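Both ligands and their constituent atoms are indexed starting at 1 by order of listing. Worth saying up front: this structure is predicted, and the values here are computed from it rather than measured.
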Amino acid sequence: MGQVVRFSVSLESDLLSAFDRLIVARGYANRSEAIRDGIRRQLISREWEEGDEVAGVITLLYDHHRPGLAEEITEIQHQAIPQVISTTHIHLDGSNCLEFIAVKGEGRAIQSLADKLQSLKGVKHEEIAATSTGKKIV
Ligand code: NI
């Protein structure tokens, strides 16, 4: 971790008041910590856009009764190695499966994998929790 640097920011008083309310609602200790988090979010978003190695979790909710769907989802993941690191399958109830796919790799490749899974008939919802490998984020 580098040296801590102080800098000043100019912004409208209404915007600062809204930010302070957000800090209280989210439970931040101070403005600096909230600003650090905001900067990290922007940097991670940039990593995904720029083709850096990133990490995340693809969440899938799908119909357990759709013939062949589970096998198709598994096959797509086999084809997506090395991006797919690990998969957890949860039988939510008699009809619904929830799957968490931990991924690491180039952002566009992960997005493409998520798109492929989302477009399958019987997949009810897909979402990516996009994060970083942590290499560039302190
Ligand atoms: Ni299941």
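Because the distance cut-off is set at 2.8 Å, Cys97 qualifies as a neighbour of the Ni ion (ligand 1) through one of its N, O or S atoms.
Among the heteroatoms counted here (N, O or S) of His91, ND1 is the one nearest to the Ni ion (ligand 1). When the Ni ion (ligand 1) is compared with the N/O/S atoms of His89, atom NE2 turns out nearest.
Taking all atoms of both residues into account, the shortest heavy-atom contact from Val123 to Leu69 is N-CD2, 4.1 Å. Taking every heavy atom of both residues into account, Ile110 and Gly105 meet most closely at CD1-N, 3.6 Å.
Counted by atom type alone, Glu53 and Thr133 present zero donor-acceptor pairs between their side chains at under 3.5 Å.
Ion pairing between a basic and an acidic side chain is recognised when a charged N comes within 4.0 Å of a carboxylate O; Lys124 and Asp63 show no such pairing.
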